[in-house]
Every structure is written in structure tokens, then in C-alpha cells.
Amino acid sequence: MKHTISVLVENHFGAFDRVATMFSGKGFNIRSISIGETEIEEISRMTIVTEGDDQIIDQVVKQLNRLIDTIKVVDLSDAPRVERELALIKVSVPKGAMEEIKNINDIFRGNIVDITNKSLTIEVTGPPDKIDAAINLLSAFGIKEIARSGIVALKRGEQVRILKEKNITT
Amino acid sequence: MKNSGQVLTGADIFFECLRQEKVEYVFGYPGGAVLKIYEHLYDVDFLKHILVRHEQGAVHAAEGYAKASGKVGVVLVTSGPGATNTVTGIADAYMDSVPIVVFTGQVSSHLIGNDAFQEADIVGITRPITKHNFLVRDVKELAATIKKAFFIASSGRPGPVVVDLPKDVIAAKCQFTYPEEVDLRGYKPNYKGHTNQIKKAAEVISKAKRPLLYVGGGVIMSGSSEELKIFARENKLPVTMTLQGLGAYPGTDELSLGMLGMHGTYWANRAVDSCDVLVSLGARFDDRVTGKVDTFCTKAYKIHVDIDPTAIDKNVVVDLPIVGDVKHVLAELAAEMTTKPDTSAWLAQIDEWREECPLSYEDKDGKLRTEFVIDRICEKTNGDAVIVTDVGQHQMWTAQHYKYNNPRSNLTSGGLGTMGFSLPASIGAAFAVPDRTVVSISGDGGFQMNIQELTTAVANKLPIKIFIINNSFLGMVRQWQELFHAEKFSFTDLGASNPDFVKVGEAFGIESYSTSDPKEVDGLLDKALAVKDRPVLIEFRVVKADMVFPMIPSGASISDMMVKRLNPKRMT
Ligand SMILES: Cc1ncc(C[n+]2csc(CCOP(=O)(O)OP(=O)(O)O)c2C)c(N)n1
């Protein structure tokens, strides 16, 4: 089963590599990974989608926790959450297909961000299955390139994390 | 002593930090990137630098020091090849949770990434084999980083930490203050176990009919041998130990079952198979202990006490996990035991197994065998020596036959199984516990892997008993070849090419002896043990093709245990 794991890490030299090295060293899968800034300057959030049975996910979470540079590790899979991904899809435009492609773009509330006489680049944002569906429909025209950001996610509801000076509590 | 607030160079700060950490010994080897540190070392009087003869030796020596003393072992090497030579030792320390801090020189910051002379990305290389590592990028971070390094290495589940020191950082200056506390919000080891879990454990153990304590290195690291002794004796609980756990409980005690696992005793493994409550204390259910996981200890309710949450449910799923320091947990557990379990029938059953299949060996044919040598060493040292083994058959025979009375007495490479560990580790141990007898036991193969450290032992007049068990083979590999690889003894016969070990010893300036006669063993041991001011070497030329039994083959079950050789024609 797929799990979305949110990891707050110190912005230290090599910290992301430590996380990635742990996954490869322990033989865990990474389906997607995204890294970005948070509201606190010296902390980044890594959102990792991984796969495995309960025992493996238990180990993934514990091993992530064990790293000195990780501050908080949460498996979001059981929690109500918002998950978003962004994709840039460069699709061929066969003769006469422009209208149809634009329609698909509208249905998915995408943006056309680049255009030539032979191709369109569409930006789609949403839960990963929405992006899968968009790619699926567009593939009929011939897809030239895809770039997906990987998932970012947050728990729904009130903020659960409070930062007091440098100590983090939940 | 340099004052806080003074402006110092990185090199001075380095030594001030070591002083604050009360470092007594640094095992090291100089080179270009650390010359500035060595320049300052020249005037340092509060610690001793031990020059090894290979950087791998420095790390194993630091491990030996740490294991024997419980303190952090410290290594100092240069960049590039100096740093990469430490990798095996660091991996070894990681696998066996040994607290060491390894300082590596690095090329100047502006050259990093340029393939500069003697540059190696040691932080990248050691990332998966360290508990943590640091590249110090600014002299202002140096003191705080060293403080963190020692704290991380020695707290929680201990382990190796690498600190990479660029040349310019060492030369730069800043105001020195040593932080009093470590601020690591992502690292908060949990020492105290969950009270309700401990209560539950006490309840389960009280009601057990066939309880068994399964004790690992964690008991020794956390200094809980006394707590263990009290707990086991008060409640009459039999104790089996892992390779790293040997010494945690006295080997001669009637409740001790010796080692379990692949080359464990018959009775320990039968007890694991039949127990109804298994209490794991600072052990990690590794594959050399469990064999095939599906058939391992299937009848028992399993309680697992470990300070490292990742150890729990990693290899074997347990019924009751307790995350915490064994010392705290054992003390609480003992206090919670309201009724004692009745184990008399269980202990009688175990005694029957003891008699069914004892650790015996041929001792009537006049030939020298390793088991006999180990038995004699044990007798002559009263089980009180620090025994530092290498890797292979002699290691397993020592584990079976040496009856350790005390913790921090069995120093061996368990997790990584690093040949070449014994000699340098015994050097570290000899510095750590100068009043104890330190015995290094190696095979003829492994002895040659860090043979250069004989010089270090001689140069420091260390009274190490250097014993070589020469069976003319890479014995353990030969054993597997005979049992599992069609008797193709491929590249394991060292006999014809082995050096004359007595001449080797003498060339290094060491009084050296050799024997293949069981009758000479006691006399030679007496001679060696009487020497207090220099190393002594004895080569024991044992029979060539003996095998270690019992043996549960890799990945097999207790029912597959082999207790003796099936093909006696191979016996020589
Ligand atoms: C560095 C290293 N290389 C290879 C091995 C594989 N290995 C395990 S035991 C062994 C044989 C050791 O032979 P020896 O040192 O003579 O000891 P014996 O088994 O004969 O007691 C070997 C080669 C190892 N453990 N470590």
C-alpha cells in the first residue's frame, strides 16, 4: 500500500541525502519525493510517497525518526489530508485537435503555459489521481514530455505543530 | 588550559574540546591535511596520541578502547587515503554500536569538489555507516560540532560519528567557547521505559512456566550487568547471550546457558525453541541468532527491551515492546515482580539438554585443538581476562569455551565480522584497562590482515598476549566449503604460503613461541601471562580441518542443527 510520509528536516548540509541514503540502504522504495521550504527558515519539509506492508512502513517511519536531522515524521496515510501535485505536460497538437485539447485542459482546470505550432504545455494541479487522469486523456494526442513535482501534503484542520523558541511540540 | 572567550585557531580549539571531553587517547596517523593539528599536538600534554601503522588499525584500536572502557574512542587521520582507510573500522563500529568519534582531515574548503590532491568525500562515503557525520564549514561551528559528535556517539544506542575538518577551518581563528549543552531537537533518546508496559512484562514473566532471558550487547553498553544478575537470580531465570552479550552474565553461573544462535550451545537453542516467554534485553534478533525467522521461537510470548525503536519489530515481530535503556527498565521490572515464577522443572529440563549434547571435543589423540587451547586460557586467566577475538572458527570456539566472568571482557567483531579486528582492538583495550590481562586471539588468516600493528604494540610496550590459532586454513570458510560447497576447498588453504609466525614476531622484536603439543600449552601460557611489560606471541598449530559444532546452517531452523561431522573421513 502507498503511504504519504511528511518529514520535517533541519536545513543542514547533506540532510536530504541522509534521508535518500537511508531509503536506498534499507531497500525501501521512494515513489515520489518533494522538498521545499516551510514557514520556518531553517526547516524544510520532505513529502515522501513510499510503498510497503505495515511492518515496512513502521520501519520506514522509525528509521526516518532515527536520523539526527529529522525533527518530525508523520505518516499521513491514516489522517484526513490535502494532497497536491503539479504536472507540466507537453502534448503534440495534431491537425484539428487544438479545440479538443483545450477542452480537456478546461475540464481539468489546467493552464496552457507554453504553445508552439506543434505542441502545447499544460499545467495541471491536483490530487495525483486527477493528474493521472489528465495524462491518460492527453496521451491520445501524443505526449512529448512530462514533469511531475511529486506530492506535497498537509493534514487537514488546525495547525498541529507549535514552535516554541526551538522546541517543537505537537 | 585555554580560557573560554579566548581567540584560538581551529587546531587549538580542537584540542581544547578533546580536553573538555576528557579524552585520554587519540589513535591516529598524520598527513598533509592534518599537519596543523599535529603541529599543535606536539605541545599537548593532557592526552596521549598513539601512532598506529594503518588507519584501519586506529579505528579498531578506538573500538577496543571504547568496548573495554565504556568511554568514547577517538581517531585522527588525514584526508583522502587516510580517511578511506578508516571505512571498514567505521562500518564495524556502526554494526556493533561502538561509540567512537573519527576526525578526518579534509582539503581546504575552496578546493572541495575539485578533485584536489588527497580529496575524498568521506562524509558522503560514510553517511550510511555512521550514526551521524559532519563537515565543519566554519571555525565558529567547530566547538559546537565536536560537542555534538561526542554526545551523539555516546548517547542512546551508541555508534560512530565522523567529523570532517577542512584544512582552512583548522587554520582559521575564532573566539572559543565550549557549549555546556547540546541542542539537537531532532535527537532525544528515550531512556525510561513505558511504566505500563513494564508492569505488563512483570506480570507475564511472573506467570511464565518456561521463561528465558535473551541478552545482547545492550546490557553491557548500558552497564546493567548487576541489574541483570539480581533479576535473573531472584527469579531463577535462565540466561542465554548473543555473541556481543557474552560477559553480561557470568558464564560459569548455573543459570547461564552460554551463547545462542548459529554456533550456540545445543541447550540454549533448545531452550529458545521451547520457552513460553522470551525476554530480549538489548539484543536485536539478528539472522545469526534467529536463523529462519518463521520457525524461530514460535511458542513464546516475546518481550523486547531496546533503546533503539528501529530494533523493535525489525526482524521478529514481538508481543510487548519496551523502548528504553535496559538499566532503567531492568530495575523497574525487578521492582514490579510481585510473584516469582516457578522455574524448577524448566531448569531441570535445560540440564537434561546440557547432558544430551555437551560441548565436547577429542582430547585423547595427543593432537592440539582450538577448544583445548581456549579451555586452558580460560582456566589460566580465571575467566577474568579481556579476550579480543578475530573472525572465524577460533572466534566461535572462544565464544563457546571461554567463560567470561565480567562485562567488557569479550571484544569481537560481531555484526560486520571484520577479519583483522583483534590485534588493533587489543591495543586499544590494553590502553583502556592497563590493570587487566588482554589476550588477542586470531586465526592465521585474520592475523595477517592488520599484522602491521605489532609495531604499535611493541612501541608502546603493551603486555598483550598475542595468540595465533594456526590451522593452516581460512578455517570458517573451509568449513562452509566442506558442508555446503561440494568440498571444493577453493583458495582457503594457507598452509604452504603462511609465514613463519615465530620469525615474524621476532622480526618485530616480540618474544615468540610455537607449539602443536597439548602438553606444552600450560607452560607457554604461564610464561606469557607472567610478562607484564611487553607483548608476547604464541602460535598454536592446531589440527587443520576441525569444524565448529553445533551449527545451525544459515537461514535454517533449530531442527536442522548439526551437532557433529557427518563425513568423518575429512577429520584430520
Ligand atoms: C575482511 C574479511 N574478509 C573476508 C571474510 C570472510 N571470512 C570469514 S571467516 C574467514 C576465515 C578466517 O580464517 P582465519 O583467520 O584463519 O580464522 P579461522 O576461521 O581459521 O579460525 C573468512 C575469510 C571476513 N570475515 N572478513
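These figures come from a predicted structure and were not determined experimentally. The basis for the numbers below is simple: all heavy atoms, side chains too, and nothing from hydrogens, waters or symmetry mates. Proteins come first, then strands; the chains are lettered A, B, ... in the order of their sequence lines, and each starts at number 1.
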Practice problem: Under 4.5 Å heavy-atom distance to chain A, tell me which part of Asp308(B) shows up: side chain, backbone, both or neither. | Solution: side chain
Quiz prompt | Partner chain B: residue of Ile68(A), Val61(A), Asp69(A) with the largest heavy-atom pair count (under 4.5 Å) | solution = Ile68(A)
Quiz item: Checking Gln63(A) against chain B: side chain, backbone, both or neither under 4.5 Å from a heavy atom?
Solution: both
Quiz item: Is Gln55(A) atom CD crowded by more than 12 heavy atoms from other residues, nucleotides or ligands, each under 6.0 Å away?
Solution: yes
Quiz item: Quick one: of Leu184(B), Val317(B), Asp313(B), who has the most non-hydrogen atom pairs under 4.5 Å with chain A?
Solution: Asp313(B)
Quiz item: Taking atom types as modelled and ignoring hydrogens, do the side chains of Glu83(A) and Thr4(A) form a donor-acceptor contact shorter than 3.5 angstrom?
Solution: yes
Practice problem: Please tell me if the side chains of Thr121(A) and Ile112(A) come closer than 4.5 Å, counting only heavy atoms from C-beta onward. | Solution: no
Practice problem: State yes or no: are the ring centers of Tyr187(B) and His132(B) separated by less than 6.0 Å? | Solution: no
Quiz item: Which region of Arg18(A), side chain (C-beta onward) or backbone (N, CA, C, O), has a non-hydrogen atom less than 4.5 Å from a non-hydrogen atom of chain B, or is it both or neither?
Solution: both
Self-check item: Neighbour count above 12 (heavy atom, 6.0 Å) for Lys140(B) NZ
Solution: no
Quiz item: Which bit of Ile312(B) is near chain A, if near means a heavy-atom gap under 4.5 Å: side chain, backbone, both or neither?
Solution: both
Quiz item: Where on Asp17(A) is there a heavy atom nearer than 4.5 Å to chain B: the side chain, the backbone, both, or neither?
Solution: both
Self-check item: Contact origin within Leu67(A) toward chain B - heavy atom pairs under 4.5 Å
Solution: backbone
Quiz item: Under 30°, 30 to 60°, or over 60°: which ring-plane class applies to Tyr191(B) and His328(B), parallel, tilted or perpendicular?
Solution: tilted
